[in-house]
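Report on one structure; see the data block that follows.
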Amino acid sequence: MPPNIYPFPNLELLRVLAARDGISFETVDELVSNYDPSWQAIDEWISRVHDSVSIIISNATAILDLDAIVLGGLIPTDLAQRLAAKVEMFDQRRRSVARPIARLVPAEVLSDAAAIGAAMLPLRATFFTPQGARTPIAAARGAGAEQ
């Protein structure tokens with residue numbers, strides 16, 4: 001998306017807006033560590049980025065047929081919830097039928113999400129995949145459905 005029309009929905013923009021209000025942080029990590037839901041910059045940040053996020057999420061849902069989209073990374077849970085409340089899901093009907101809309105939820109895993117997800121793959125492949133289905137782990141090993 002063109003940044004001169006749709007601002008990138010990142011926490012660096014919130015850091016800049018907070019600094020303008022006299023709340024300065026050297027890094028985004030420092031901003032996240034000291035996050036305060038009462039900052040005035042939060043409402044302006046949400047106002048600036050909600051269109052960008054709405055477009056991204058609506059397109060992702062339409063293209064990828066998602067059940068849920070998790071707002072994670074460094075974004076504080078309060079900020080994710082407030083942003084999710086403002087996001088609009090654009091539904092371009094298919095053959096006059098509304099398409100399923102993904103739920104927008106804040107992350108529940110607040111640290112090491114990638115490591116936890118990676119650790120879940122063998123458990124999923126071992127215990128939660130129907131027998132005969134080809135899993136990403138089996139595919140990586142070159143195994144087929146015959147195993």
Side-chain angles (χ1 to χ4, degrees), residues 1-130 133-141 145:
M1 294 189 310
N4 57 330
I5 299 172
Y6 298 101
F8 291 124
N10 59 32
L11 294 176
E12 176 61 21
L13 176 58
L14 179 57
R15 189 184 74 77
V16 169
L17 295 172
R20 193 191 61 203
D21 291 342
I23 306 167
S24 296
F25 300 104
E26 292 292 319
T27 65
V28 168
D29 286 332
E30 188 180 341
L31 174 136
V32 170
S33 296
N34 294 287
Y35 177 79
D36 183 345
S38 68
W39 292 338
Q40 290 179 346
I42 292 171
D43 290 332
E44 183 177 352
W45 182 81
I46 291 171
S47 176
R48 285 192 184 194
V49 304
H50 88 274
D51 285 338
S52 301
V53 175
S54 294
I55 292 168
I56 292 166
I57 289 175
S58 294
N59 287 333
T61 299
I63 294 167
L64 302 173
D65 193 25
L66 304 171
D67 291 326
I69 296 175
V70 178
L71 291 175
L74 291 178
I75 190 168
T77 302
D78 170 78
L79 186 56
Q81 290 170 336
R82 289 166 68 175
L83 177 59
K86 298 289 184 180
V87 168
E88 299 174 67
M89 297 292 271
F90 305 117
D91 178 17
Q92 293 183 349
R93 296 175 167 265
R94 290 183 285 193
R95 295 173 295 286
S96 300
V97 177
R99 62 183 162 93
I101 301 293
R103 293 176 297 114
L104 188 57
V105 296
E108 293 180 9
V109 176
L110 300 179
S111 64
D112 299 324
I116 291 169
M120 289 298 299
L121 290 175
L123 294 172
R124 178 176 174 239
T126 303
F127 299 109
F128 300 105
T129 302
R134 190 172 167 93
T135 67
I137 291 175
R141 287 188 297 207

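Every value quoted in this text rests on a predicted model; they were computed, and no experiment measured them.
Annotation: side chain to side chain contact (heavy atoms under 4.5 Å, CB included) contacts of A84 (sequence neighbours excluded): L71, L104. The salt bridge (Lys or Arg N to Asp or Glu O under 4.0 Å) search around D36 returns none, not counting sequence neighbours. For L66, the side chain to side chain contact (heavy atoms under 4.5 Å, CB included) partners are A60, L64, I69, A102, not counting sequence neighbours. Remark: S33 pairs with no residue by the side chain to side chain contact (heavy atoms under 4.5 Å, CB included) rule, at least two apart or across chains. Remark: S47 pairs with no residue by the side-chain hydrogen bond (donor to acceptor under 3.5 Å, both in side chains) rule, at least two apart or across chains. For R82, the side-chain hydrogen bond (donor to acceptor under 3.5 Å, both in side chains) criterion is met by D43, D78, not counting sequence neighbours. A search for side chain to side chain contact (heavy atoms under 4.5 Å, CB included) contacts involving P106 returns T77, A80, Q81, not counting sequence neighbours.
Using a 4.5 Å heavy-atom threshold, the side chains of L13 and W45 count as touching. Looking only at side-chain heavy atoms (C-beta outward), V49 and Y6 stay at 4.5 Å or farther from each other.
Each salt bridge (charged side-chain N to carboxylate O under 4.0 Å, His left out) pair with one or both residues in residues 46-70, not counting sequence neighbours, appears once here: E44-R48. Applying the salt bridge (charged side-chain N to carboxylate O under 4.0 Å, His left out) rule to pairs touching residues 3-18 yields E12-R15, sequence neighbours excluded. Applying the ring-ring contact (aromatic ring centres under 6.0 Å, His included) definition to pairs two or more places apart or across chains, those involving residues 19-38 are F25-W39, Y35-W39.
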